[in-house]
Amino acid sequence: MTIVFHGAGGQDKYTAELIERLNSNNNNNYVHICDWSVFSQSIVKAAFNAQRVGKIQATRIASNYDCAVSVHFIGISVGAFAADAAAKELKRLSKKSFVQLTLLDPFTQRGVFGFGWGKRHFGEGVDYCQQFMNTDDPVPSTNVKCNHAVCFDVTESSKRDKDIFGHDWPLVFFSRHVANIGLIDENERGSPLNEATKTL
């Protein structure tokens, strides 16, 4: 099962491409994008709203499955707050479930004063967390490695299309080159601890 949370701007052609790629993976028996656009517009409130939305989604999943499940939560930009909250809540409600969290150029500031909140807390307690980022766009708080994530820097990737706005590039890269992989096997996972950011 894969659940996607879009960024502040809502769904667009790039999120549509992601969903198409995820659906083409035979290992994904259910793919859903959560439309939380009515709550994502406020810069001040978006992160807090996202966390509430994420917890609600996790509660729904846990209530619909009596046994452990494998769930891949994907958060785009400020949608990372929703994906992270969903991942943590599902692990709390269903400890035996496998939860993978993917963050695509995550916005890490929570509200006005929560500088670096995502850097410190995204991915805590989940089974595997990976982050795809770039470092050459003007969107604030998206150019830092999250402490609990295996981080992939795609800024200088040879696959990069320079016509794509920088903040969108991690999403596009993931869609076109990683989304078909699905859940990462245990022996292929990196460790966020004392590990340098990987350049792809």
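Note that the numbering runs from 1 along the sequence shown for the chain.
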In chain order, what residues pass the side-chain contact (heavy atoms from CB on, under 4.5 Å) check against R176, with sequence neighbours excluded? E17, R21, I164, V172
Does F5 have any ring pair (Phe, Tyr, Trp, His ring centres under 6.0 Å) partners at least two apart in sequence or in another chain, and if so, which? none
H167 meets the ring pair (Phe, Tyr, Trp, His ring centres under 6.0 Å) criterion, sequence neighbours left out, with none
Applying ring pair (Phe, Tyr, Trp, His ring centres under 6.0 Å), can you list everything that pairs with H177, at least two apart in sequence or on another chain? F173
For F39, look at atom CZ and say whether over 12 heavy atoms of other residues, nucleotides or ligands are found less than 6.0 Å away. no
Any non-hydrogen side-chain atom of F48 less than 4.5 Å from a side-chain atom of F81? no
Measure up the F132 and F152 rings against each other and bin them: parallel (under 30°), tilted (30 to 60°), perpendicular (over 60°). parallel
Counting distance only, does the side-chain N/O of S40 pair as donor-acceptor with the main-chain N or O of A8 below 3.5 Å? yes
Partner residues of D136 under the side-chain hydrogen bond (donor to acceptor under 3.5 Å, both in side chains) criterion, sequence neighbours left out: N134, R160
Would you say that more than 12 heavy atoms from the other residues, nucleotides or ligands in this model lie under 6.0 Å from the NZ of K119, or not? yes
Can you check whether G79's main-chain N or O pairs, donor with acceptor, with S77's side chain at less than 3.5 Å? no
Sidechain-backbone polar pair: H148 side chain, R120 backbone, donor-acceptor under 3.5 Å: yes
With sequence neighbours left out, write down each residue that passes side-chain contact (heavy atoms from CB on, under 4.5 Å) with S70, or none if nothing qualifies. F98, L183
Which residues share a side-chain contact (heavy atoms from CB on, under 4.5 Å) with Q11, sequence neighbours left out: H6, T15, I33, D35
When you measure from the side chain of S175 to the backbone of L171, do you find a donor-acceptor pair of N or O atoms at a distance under 3.5 Å? yes
Without hydrogens or angle criteria, can the side chains of R189 and Q130 be said to hold a donor-acceptor pair below 3.5 Å? no
Could you list the cluster mates of V44? Members are the ILVMFWY residues connected by side-chain heavy atoms closer than 4.5 Å, either directly or through other members. V112, F113
Hits for ring pair (Phe, Tyr, Trp, His ring centres under 6.0 Å) against F107, two or more places apart or cross-chain, chain-then-number order -> none
Restricting to pairs with a member in residues 56-65, which pass side-chain hydrogen bond (donor to acceptor under 3.5 Å, both in side chains), not counting sequence neighbours? none
The criterion is side-chain hydrogen bond (donor to acceptor under 3.5 Å, both in side chains); which residues satisfy it with Q131, sequence neighbours excluded? none
Can you list the residues that meet the side-chain hydrogen bond (donor to acceptor under 3.5 Å, both in side chains) rule with S141, with sequence neighbours excluded? none
To the closest 0.5 Å, what do you measure between CG (N147) and CD (E124)? 8.5 Å
